[in-house]
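What follows is a short report on a single structure.
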Amino acid sequence: MPKDLPKTYHPQKTEDEIYQKWEKSGYFNPDNLKLPEDAKTYSVILPPPNITDKLHLGHVSMLAIEDLLIRYHRMNGFKTLWIPGTDHAAIATQNVVEKKLLKEKKITRHDLGRDKFLEEVWSFLQETQSIILRQIKKTGASLDWSREAFTLDEKRKQAVSQMFIDMYHAGIIYRGERIVNWCPRCHSTLADDEVEYKEQENKFYTFKYSKDFPFAISTTRPETKLGDTAIAVNPKDERYKKYIGRNFKINFAGFPLKLKIIADRNVDMNFGTGALGVTPAHSMADWQMAEKNNLAIVKVIGEDGKIREGFKNYSGKTVAEARQMIIRELKNKKLLEKVEDIKNNLSLCYRCGTPVEPLPSEQWFVSVDKKIKKLGNKSLKERAIEVAHQEKIKFIPERFKKRYLDWMENLHDWCISRQIWFGHRIPVWYKNSSQFTVHGSQSANEKEIYVGVKKPEEKNWIQDSDTLDTWFSSGMWTFSTLGWPDNFKDNKKSGDLKKFHPTQVLETGYEILTLWVSRMVMLSLFALNEIPFENVYLHGMVLDKHGKKMSKSRGNGIDPLDVIKKFGADSVRLATLIGNTPGNDVKIYEEKIKSFRNFTNKLWNIARFIIGNCKLQNSNSNQVSSNKLTLADKWILTEMKNLITEVNDSLTKYNFSQAGEKLKEFTWNSFADWYVEVSKFEKNKEEKNIILIILLKDLLKLWHPFMPFLTENIWEKMENKNLLMIEKWPSEKKYLAILGTPNETEWYIFSKIQSIIIAVRNARAKNNIEPGKKIEALIYAGEHYSAIKNEGILIKSLRTGIDKLEIKEKGEKIPGAIYISEGGIEIYLISAIDKNKEKLRFEKELDNFKKYAAGLEKKLKNKNFIEKAPEKIVQQNKENLKKTEAKIQKIEKYLKNLD
RNA sequence: GGACGAUUAGCUCAGUUGGCUAGAGCGCUUCUCUUACAAAGAAGAAGUCACUGGUUCGAGUCCAGUAUCGUCCACCA
């Protein structure tokens, strides 16, 4: 036994060392792989983690899946590239730093000013970014660090500006006024996904605008009614039909309003009075009605959350104050008919929880519907839908295609400007506007605009103060990391872009399918007129043991670094890879990781045994002559050959779990529990030596993508000079060559022997043979006599507990012995048995078999079955019946013997 | 409100075009320190496949509906 191999495997000691060796080798970079010129490429871009968070288990799961794909393809001779990077996550990061500043220094970003504040962000960012990158390495991810990128580094800044400029000139980036979700506290617009909804108790007021208005309306927000320009009713509503199209001039709470009665199908006749006041400036739904009906837009609430100028004594009041004033006014005039309690959803800012105010505002948009020349007179939306329909992009699992298409088909223009400081500055300049305000009276369209990377040389040009939506820069991730736009001149790709784009797989969580994946498709189609990736693999969320999301507040999270330290990265990787299916959530907990740690130890010990007992130099499969192979050898070699086929099959279908389970079953049950045991006593030592070594080596290769550290570690212990990570993936052909033409007769016997061993084990257990007591066996082999004689020792030693084995040419009746018969071979186990217990057991079993046989008989008598079921199935059932009947006879015979 | 997913052993999950006396791991029970491994080995108990119908010779698998849980989307005066 080699002295330096401890009984238990300690991953902690070696993992970092091994990662350094890999990095030093340079093979993470495909340029350093020794491959033929025409080798196919395989590229994956790492979904960049937000620099606000440290790594969580979801990241580890993602890294494990991608690293598996990468290592598998690298070993299969692909020019394999996996690019690492991080995401600046504009809003989230700014928010974290703002909170930190408030807590530590009690200051806001406005106290610091834009430049100073950004310095704070950058110093925060550098710290967390380096932590994340270090953590990624702990998982064993074989990323090409020489190509590392950041969504807000210089190269990406250049790419983002260029993209904006190109899209602007192509006419699909435009500036327009839209109603947006505005957070009065954060002073920023919120994307749809940044708004949270919370159900709340609310007051629902029913009132008439004025005495001379014919009917009442209902609302939860009376203060916004100052901005009403219409009343909407359902076109089918008999109560209001006659008013549709009429105009009213009225006085509402001391304020003049012009109202038009419009019809809209979406109005619920049974809700409130069935009539609703339309406030285009302060409601998403109303804005759309206003667009359809060409209504005037009256802004009531300002960016500060207060009533704007021009509303008499309401001006300057907060929303809540104004509401009370109006209610009082309505009460005084006896216009208020009802106040009810209702539950409705309140929109809240996801960061600070402040109620969101929908406001009209000037923003930059990407048009998804405008048809442009560059896209063959199609729109971004049309092209993005087309590539999914044509299966140019495939989704795994398939059901997500529908989700993608649903989202795409309902997509509206994408608002890309954000009123925050941290992020990609919009490359737009305005002339003669010393103080450009987003909601200023002067519209941007009336200003002189320059769109370009650099500020115009004349004076008085001021840059747009807004930044771009994070998804705009991460949407360019597949090509901004590969040197776009430098590598794309005159519509021709060069360099990395030419070699590696489109990428082969995008692997990410299904929760950002719409947010991210859809945008990557559109931006890539615009920039390069090609898809960003060929396949989208979507993984589920990582949940705790009880199916809950892991979160800090719940305290149910597992820190991946903790469990990596405790069990090793390989075990954690296995726990995320095995036992779940694509697109489904996965539950991870310590016991699960622990069980995989036990498995890594098993493999370690298999290796320990082989390294300790075999001559490592003797591993040339050509030296094995098939006529010296025993049945056990042939069996394991066949199993291995099948395993390779199955693993390849599963991995190419993204069934990682299935591949892992097959590997585990082979390693543990076939290889360790059977073959290694057999190898201890079968006499063809030379052949055994070679077979054990080539099996172990190939097993390490097959396992490498799943658990790179342990396999590389053992590989090194086997005195291999090259790194396992660039070894060639095993092929089935080698095994076919060793096996020669399989001998079917031998095969038959071997399968019989296996079933005998199992039968012996069962008999032993079922008969309550005294613990520790050895038993003798007598075998009558009949026609298989010689084969059994050769393999008999195999039966004896495979932990059957049989101590003495005799093989007879003619069967002998042995009173009181346990009798088993399989395939013409009879075994008598000679031992003391408890007859009564034995009888009970077998009677129960007999009963079972009889029921089953009866079922089969009934089935076979059914004419419909015979006529309609395929011949194969009918035959199968007939055989089953035969076998079962034979078993019944055997048991009956045995029961008789017992008496 | 709309869409999608889940529901199989005490727990976590497989079960690929319907052919199944429904499998695995963990846990549990019994036995074994057997010279690679007790983080092991040998064996065992345990399930009306959520419910109700339908299609079919045959349904865990297909269809319809119901219930519970989860996720996403939309947001309603």
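Here the structure is a predicted model, which is why all the values come from computation and not from measurement.
Remark on RNA chain B: of its neighbouring residues A:Asp406 and A:Gly274, the 5'-side contact belongs to A:Asp406, judged by nearest-heavy-atom nucleotide. Summary of the strand contacts: A:Val586 and A:Lys225 both lie near RNA chain B, and taking for each the nucleotide with the nearest heavy atom, the more 5' one is attributed to A:Val586.
Centroid-to-centroid, the aromatic rings of A:Trp407 and A:Tyr404 stay 6.0 Å apart or farther. Separation of the A:Tyr537 and A:Phe656 ring centroids falls under the 6.0 Å cut-off.
Ring pair A:Phe671/A:Phe666 is parallel by interplanar angle, where below 30° counts as parallel and above 60° as perpendicular. Aromatic ring orientation, A:Phe252 versus A:Phe207: parallel (interplanar angle below 30°, classes split at 30° and 60°).
Only the C1' atoms considered, B:C31 is 34 Å distant from B:U48, to the nearest whole Å. Separation of the C1' atoms belonging to B:G18 and B:C4 is 24 Å when rounded to the nearest angstrom. Using atom C1' as the reference point in both B:A74 and B:C28, the two lie 48 Å apart (nearest Å). Distance noted for atom P between B:A43 and B:C49: 28 Å (whole Å). As rounded to the nearest Å, B:U7 and B:G60 have C1' atoms that lie 12 Å from one another. B:A38 sits 40 Å from B:C20 when the P atoms are compared, rounded to a whole Å. The P atoms of B:U16 and B:A22 are separated by 15 Å, rounded to the nearest whole Å.
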Original post:
What string of B, S and - do you get for nucleotides 15-22 of chain B, 5' to 3', when a contact is any protein heavy atom under 4.0 Å?
Top reply: -B--BSB-
Donor-acceptor contacts, no H, no angles, side chain residues 847-856 of chain A, under 3.5 Å, sequence neighbours left out:
none

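Under the Watson-Crick or G-U wobble criterion, with both distances below 3.5 Å, B:A40 is paired with B:U32. Pairing for B:G70 is with B:C4, a Watson-Crick or G-U wobble pair whose two hydrogen-bonding atom distances lie under 3.5 Å. Across all strands shown, B:C75 has no partner, as no Watson-Crick or G-U wobble contact with both distances under 3.5 Å is found. Base pairing of B:A22 is not made with any nucleotide, judged by Watson-Crick or G-U wobble geometry with both donor-acceptor distances under 3.5 Å. Base pairing analysis places B:A59 opposite nothing; no Watson-Crick or G-U wobble pair with both distances below 3.5 Å involves it. Partner assigned to B:C51 is B:G65, using Watson-Crick or G-U wobble distances below 3.5 angstrom.
Counting atom types as modelled, A:Lys602 pairs a side-chain N or O with a base atom of B:C37 as donor and acceptor under 3.5 Å.
Side-chain N/O atoms of A:Lys592 include none lying less than 4.0 angstrom from OP1 or OP2 on B:U12.
Of the N and O atoms on the side chains of A:Tyr209 and A:Asp228, at least one donor lies less than 3.5 Å from an acceptor on the other residue.
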